[in-house]
J.: 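What follows is a structure written as structure tokens; I'll ask about it next.
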Amino acid sequence: MMSCAQAWPEPIVRVQALAESGLTSIPSCYIKPRSQRPTKTTFATQNDHDHINIPVIDLEHLSSEDPVLRETVLKRVSEACREWGFFQVVNHGISHELMESAKEVWREFFNLPLEVKEEFANSPSTYEGYGSRLGVKKGAILDWSDYFFLHSMPPSLRNQAKWPATPSSLRKIIAEYGEEVVKLGGRMLELMSTNLGLKEDYLMNAFGGENELGACLRVNFYPKCPQPDLTLGLSPHSDPGGMTILLPDDFVSGLQVRKGNDWITVKPVPNAFIINIGDQIQVLSNAIYKSVEHRVIVNSIKDRVSLAMFYNPKSDLLIEPAKELVTKERPALYSAMTYDEYRLFIRMKGPCGKTQVESLASQV
């Protein structure tokens with residue numbers, strides 16, 4: 001297994017502590033180059049796109065006896081995967097109470113005294129625990145966010161001793177939440193396999209099967225920021241894994257998705273999950289489905305909490321385009337690589353647009 005750095009290159013500063021210190025200007029290590037800032041023009045362009053949102057898909061008729069209703073859902077998922085790489089789902093079968101409780105316990109965790117959270121401080125060797133940076137490049141420009149990262153699947157990596165014990169309900173709620181979201185991920189993989197013309201269980205098997213696939217939760221905390229036009233909560237990137245199922249903050253929008261040359265601000269629908277294609281499904285589908293760059297902007301008045309469940313292939317399986325999707329006209333665009341090798345890139349360099357999946361294609 002390839003190893004990552006064992007220690008952070010500089011002392012870690014908690015962004016939440018900075019935000020709560022009452023500072024009026026942000027430290028220079030958070031200030032993005034001009035070309036990467038969410039400039040006034042970006043915000044103006046957003047207003048022109050106010051009527052645009054990523055597709056919202058109702059999954060209610062997936063289990064319908066009526067083939068026409070089921071086919072309509074499949075078609076909408078197919079279009080969203082091909083045209084956007086991002087969509088919201090409602091009537092997904094996960095209890096709204098559980099969704100709210102999951103966000104609430106993490107809000108409570110992030111509001112605990114710093115010394116309690118520091119007991120869970122992470123290192124770049126596994127990223128598990130309480131963190132404030134991605135990537136180990138010394139002198140890197142950082143994002144305005146803290147996070148907590150934990151493993152939900154496979155069971156061999158799920159170590160509740162590394163999960164916060166306070167609030168006391170957190171471990172139970174997050175175990176149940178993880179189980180439900182992983183099930184939803186399995187259903188989405190079946191839909192995607194079917195829509196690609198593959199056997200229904202193709203993608204699940206490519207991920208290692210339901211007992212071996214990887215699922216990890218990253219809880220993002222975006223503190224309010226005195227100069228939101230100079231920084232980002234999360235720099236532009238595509239997700240390195242298979243698929244991401246995001247539970248967004250209901251009250252503060254922050255996620256932006258790249259569509260052509262524009263950044264579209266996602267408007268979360270109540271009780272919806274936001275699903276996006278990751279690089280591994282781009283590879284497996286031979287780029288019929290593509291991962292999409294996204295970023296997070298921050299807010300001067302309110303903190304935000306979101307929960308991202310990364311649904312990934314088993315780390316040591318080779319991932320390559322499905323043979324059924326490789327033809328003379330459309331040869332394999334990517335060479336085989338394990339997810340372990342692949343994710344090392346983001347763990348070392350931090351979020352870097354789509355440079356990694358694009359470099360993979362150029363090696364074929």
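Given the structure is predicted, the values throughout are model-derived calculations rather than measurements.
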J.: For the side chain of D143 and the backbone of S235, is there at least one donor-acceptor N/O pair under 3.5 Å apart?
T.: yes
J.: Output yes when a side-chain donor or acceptor of Q282 lies under 3.5 Å from a complementary backbone atom of V357, and no otherwise.
T.: no
J.: Do N286 and Y334 pass the side chain to side chain donor-acceptor pair (under 3.5 Å) test, and can you show the C-alpha distance, the side-chain angles, and the key distance before you say yes or no?
T.: CA-CA 7 Å; N286 206 24; Y334 309 97; over 6 Å; no
J.: Would H61 and N91 count as a side chain to side chain donor-acceptor pair (under 3.5 Å) if you check the C-alpha gap in whole Å, the side-chain angles of each, and the deciding distance to 0.1 Å?
T.: CA-CA 9 Å; H61 295 304; N91 289 320; over 6 Å; no
J.: Could you tell me whether E115 atom CD has more than 12 heavy atoms of other residues or ligands within 6.0 Å of it?
T.: yes
J.: Within 45 degrees of the axis of the six-membered ring of Y147 and under 6.0 Å from its centre: does R218 put its NZ or CZ there?
T.: yes
J.: Would a distance-only check, ignoring hydrogens and angles, find a side-chain to backbone donor-acceptor pair under 3.5 Å from E108 to L170?
T.: no
J.: Measuring from N312:CG to Y339:OH, what's the distance to the nearest 0.5 Å?
T.: 3.5 Å
J.: Can you tell if the side chain of I297 reaches within under 4.5 Å of the side chain of P38, non-hydrogen atoms only?
T.: yes
J.: Look at the side chain of N220 and the backbone N and O of V305, then say whether any donor-acceptor pair between them is shorter than 3.5 Å.
T.: no
J.: Is there side-chain contact between E176 and I174, with heavy atoms separated by less than 4.5 Å?
T.: no
J.: Would you check, one step at a time, whether the test side chain to side chain contact (heavy atoms under 4.5 Å, CB included) holds for Y30 with I141?
T.: CA-CA 6 Å; Y30 296 97; I141 295 174; 5.8 Å; no
J.: Under 3.5 Å, side chain of N271 to main-chain N/O of H96, donor-acceptor pair present?
T.: no
J.: Does a side-chain heavy-atom distance below 4.5 Å link R37 with D229?
T.: no
J.: Ring centroid separation for Y222 and W144, is it under 6.0 angstrom?
T.: no
J.: Assess whether side chain to side chain donor-acceptor pair (under 3.5 Å) is satisfied between D279 and S238, documenting all intermediate values.
T.: CA-CA 7 Å; D279 295 347; S238 61; 2.8 Å; yes
J.: Any side-chain to backbone donor/acceptor pair from R171 onto I173? Under 3.5 Å, distance only.
T.: no
J.: Are E200 and S193 close enough, and set up right, to give a side chain to side chain donor-acceptor pair (under 3.5 Å), and what steps lead you there?
T.: CA-CA 5 Å; E200 189 181 66; S193 299; over 6 Å; no
J.: Measuring only between side-chain heavy atoms, which start at C-beta, is V266 closer than 4.5 Å to N53?
T.: yes
J.: Give me the one residue out of R76, R82, K75 that meets side chain to side chain donor-acceptor pair (under 3.5 Å) with E79.
T.: K75
J.: For the CD1 atom of I12 and the OG atom of S123, what is their distance to the nearest 0.5 Å?
T.: 10.0 Å
J.: Is it the case that the side chain of E293 and the backbone of K354 share a donor-acceptor pair, with hydrogens and angles ignored and the cut-off at 3.5 Å?
T.: no
J.: Could you tell me whether the side chains of D316 and T338 share a donor-acceptor contact shorter than 3.5 Å?
T.: no
J.: Are any of the side-chain nitrogens in E104 or R107 under 4.0 Å away from the carboxylate oxygens of its partner?
T.: yes
J.: Before accepting this row, confirm whether a basic side-chain N of the pair E128/K162 lies closer than 4.0 Å to the acidic partner's carboxylate O.
T.: yes
J.: I need the single residue from T194, L191, N195 that forms a side-chain contact (heavy atoms from CB on, under 4.5 Å) with S78. Which is it?
T.: N195
J.: Measuring only between side-chain heavy atoms, which start at C-beta, is W84 closer than 4.5 Å to I277?
T.: no
J.: Would you check if the side chain of N299 reaches a backbone N or O of K302 as a donor-acceptor pair within less than 3.5 Å?
T.: yes
J.: Would a single hydrophobic cluster contain both V56 and L255, if residues Ile, Leu, Val, Met, Phe, Trp and Tyr are joined by side-chain heavy-atom contacts under 4.5 Å?
T.: no
J.: Can you confirm whether or not the ring centre of W8 sits under 6.0 Å from the ring centre of Y127?
T.: yes
J.: F109, L217: one ILVMFWY side-chain cluster at the under-4.5 Å cut-off?
T.: yes
J.: Look at atom CD of E190 and say whether more than 12 heavy atoms of other residues, nucleotides or ligands are closer to it than 6.0 Å.
T.: yes
J.: More than 12 non-hydrogen atoms from neighbouring residues, nucleotides or ligands closer than 6.0 Å to NZ on K103, yes or no?
T.: yes
J.: I'd like to check L189 versus Y202 (side-chain heavy atoms, cut-off strictly below 4.5 Å). Are they in contact?
T.: no
J.: Under 6.0 Å between ring centres: does that hold for F110 and F221?
T.: yes
J.: Is K183 salt-bridged to E180, cutoff N-O under 4.0 Å?
T.: yes
J.: Looking at every non-hydrogen atom in both residues, tell me the closest pair between I54 and Q88 and how far apart they are.
T.: CD1-CG, 3.6 Å
J.: Nearest 0.5 angstrom please: R133 CZ to N122 CG, how far?
T.: 11.0 Å
J.: Just by distance, do the side chain of R187 and the backbone of H92 share a donor-acceptor pair under 3.5 Å?
T.: yes
J.: Is the closest side-chain heavy-atom distance between R343 and S315 below 4.5 Å?
T.: yes
J.: Over 60° means perpendicular and under 30° means parallel, so tell me whether Y177 and F273 are parallel, tilted or perpendicular.
T.: tilted
J.: Side chains of F87 and V89, heavy atoms from C-beta outward: is any pair under 4.5 Å?
T.: yes
J.: When you measure from the side chain of D58 to the backbone of E60, do you find a donor-acceptor pair of N or O atoms at a distance under 3.5 Å?
T.: yes
J.: Over all heavy atoms of both residues, which pair between G214 and P154 is shortest? Give the atoms and the distance, please.
T.: CA-CD, 4.2 Å
J.: Look up atom CG in L247 and atom CH2 in W106, then write down how far apart they are to the nearest 0.5 Å.
T.: 13.0 Å
J.: Using a strict cut-off of less than 4.0 Å between a Lys/Arg side-chain nitrogen and an Asp/Glu carboxylate oxygen, indicate whether R70 and E65 qualify as a salt bridge.
T.: no
